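To start, the structure itself, in structure tokens.
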Amino acid sequence: MRCAILRPMAPLLPQVLRMLFTGRRRRFAFTHQEVPLPPRPDDLNLYIHLPFCRHLCPFCPYVKQAFDRDTADAYRDALLRELDTWRHAWGPVPVASVYFGGGTPSMTPDIIEAVMSRLRCDLRPGAEVGVEAHPLDARPDVLRSLRACGVTMLSLGVQTFSDRLLRMLGRDYDSRRAREACESVLEAGFDGMDIDLIFAIPGQSVGEAMADVAAAIATGAGQVSAYPLIQFSDTPLAAHLKSAEARLPSRRTEQRMLQAVVQQARKAGYERSSIWSFNRPGAPRYTTVTRDAFVGIGAGASSRMGDWFWLNTFSAPEYIRVAGNGDPPALATRLDEGARMAYWLFWRCYDTVIDTVRFRTLFGRGLPGAIRATLALLQLTGLARIDGETIRLTDTGAYLFHLVEQAYTHAYLEKLWAACRREAWPGAVEL
Ligand code: SF4
């Protein structure tokens, strides 16, 4: 009942939450501008973007392009130049985590090796090193090379174990290969393994979504993540769905799928670690840009440091041309305190847990009155539980945030990314 009330509100939520948390109606303004060097962090979290793919999937909104060796070599050199710029600007900073996303990072293990060899002396003991891997790359030679250069976790992009739905998504392998890939990664002995699934695929039933989660759990992976298919309007899939019989499942069906996924994961002993991820107790969590602060390296990579959020150019040739030469990023925006709090709280709601002690450490004060009042309302309506210093979203609260996350993607990310795809240097974007 509460969910039926929440669903129609979803498109309004990003604006309502922005006003509530940042106290402003003004739009977020991104411009091509110089970002002053943020204060040297105690620990550095890095995200490295590798945009190359062997096959371009029709639903994919990410920064990617077809692989070619010469471009990949030039791109590797550009990454190292950008990395060195940061290392020289701050001096040695211990690196706590490095995540390689894409694109298909696992198809260029040589680039991962080059980056890791550059970072070797900076890595903190126990640093997390994660790589997104494609099922076709889960071969002994690739996995050995990733292990040898210090990779600790793999996130395998299976998406679904159904052959019919793999075809619908335009993926270039079958369910048998997906299962073999899971086995190979597990045997390779990484500290952590995540299996990424997609649900709410056109034509998918609730039973098929449950079967995917059951199959992922059966592999023994420490983490299973199930993301809803969020349709970006400028993808080939969106164009296809306009003319085809297949439709995205209704909001009601999508909700039933998410409920079924949560129940299935819990029954198998997994704990919810975000609105869309589940971990076995004690299994390391694979997570990239949800951190308090991180630097993104590579084409299309975003960074969140100090008072700033910025994006590199989405164009690989332009990135190769400018990396390391001190030019401003493609777009940047300065975040005032309210926006920084909103950003932090957004990702903690994504985690389904808000630690108010951490908030005080980061911002030097307790939660502002408007946020406390909102959380009290969430508790009153059964969407959150306040337990001392910790606030947890209930399953209904997590469903609300599942709607918020999708509305936020359409209200902000889709527009920002579309502008950055249209032009390498968009100049200014207002959201
Ligand atoms: S979904 Fe992954 S493999 Fe497919 S095009 Fe996007 S980044 Fe490449």
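Positions are given from 1 along the sequence. No hydrogens, no waters, no symmetry mates; every other heavy atom, side chains included, goes into these values. Remember, it's 1-based here, ligands and their atoms both numbered in the order they're listed. Everything quoted here is computed from the prediction, not taken from an experiment.
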Under a plain distance cut-off of 3.5 Å, with no hydrogens placed, do D191 and T152 share a side-chain donor-acceptor pair?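 Judged by distance alone, the side chains do not pair up.
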Is a donor from one side chain sitting under 3.5 angstrom from an acceptor on the other, for Q406 and H410? no
With F161, the side-chain contact (heavy atoms from CB on, under 4.5 Å) member among D174, V213, L197: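 Of the listed residues D174, V213, L197, the side-chain contact (heavy atoms from CB on, under 4.5 Å) partner of F161 is L197.
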Between D172, I198, T104, which one has a non-hydrogen atom sitting closest to atom 3 (S) of ligand 1? T104
Please write down residue, atom name and distance for the protein heavy atom closest to atom 2 (Fe) of ligand 1. R171 NH1, 4.0 Å
Nearest protein heavy atom with distance in Å, relative to atom 6 (Fe) of ligand 1: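 It is C60 SG, 2.3 Å.
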Please verify the inter-ring angle class for W86 with W90; under 30° counts as parallel, over 60° as perpendicular, anything in between as tilted. tilted
Can you tell me if, anywhere in H55, an N/O/S atom lies at a distance from atom 8 (Fe) of ligand 1 that is smaller than 2.8 Å?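 It does not; every qualifying atom lies at 2.8 Å or beyond.
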One pair to check against ring-ring contact (aromatic ring centres under 6.0 Å, His included): Y62 and H49. What are the steps and the verdict? CA-CA 10 Å; Y62 301 116; H49 193 80; 8.1 Å; no
Quick one: which ligand 1 atoms are inside 4.0 Å of a heavy atom on G103?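 Near G103, the atoms of ligand 1 are 7 (S).
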May I ask you to list the atoms of ligand 1 that are less than 4.0 angstrom from any heavy atom of C53? 3 (S), 5 (S), 7 (S), 8 (Fe)
Using 2.8 Å as the threshold, say whether any N, O or S atom from C57 sits that close to atom 4 (Fe) of ligand 1. yes
Heavy atom of G157 under 4.0 Å from ligand 1?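 The answer is no, since G157 has no heavy atom less than 4.0 Å from ligand 1.
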Using the six-membered ring of F278, assess whether NZ or CZ of R266 lies under 6.0 Å from its centre and within 45 degrees of the ring axis.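 No - R266 does not lie over the ring of F278 by the 6.0 Å and 45° rule.
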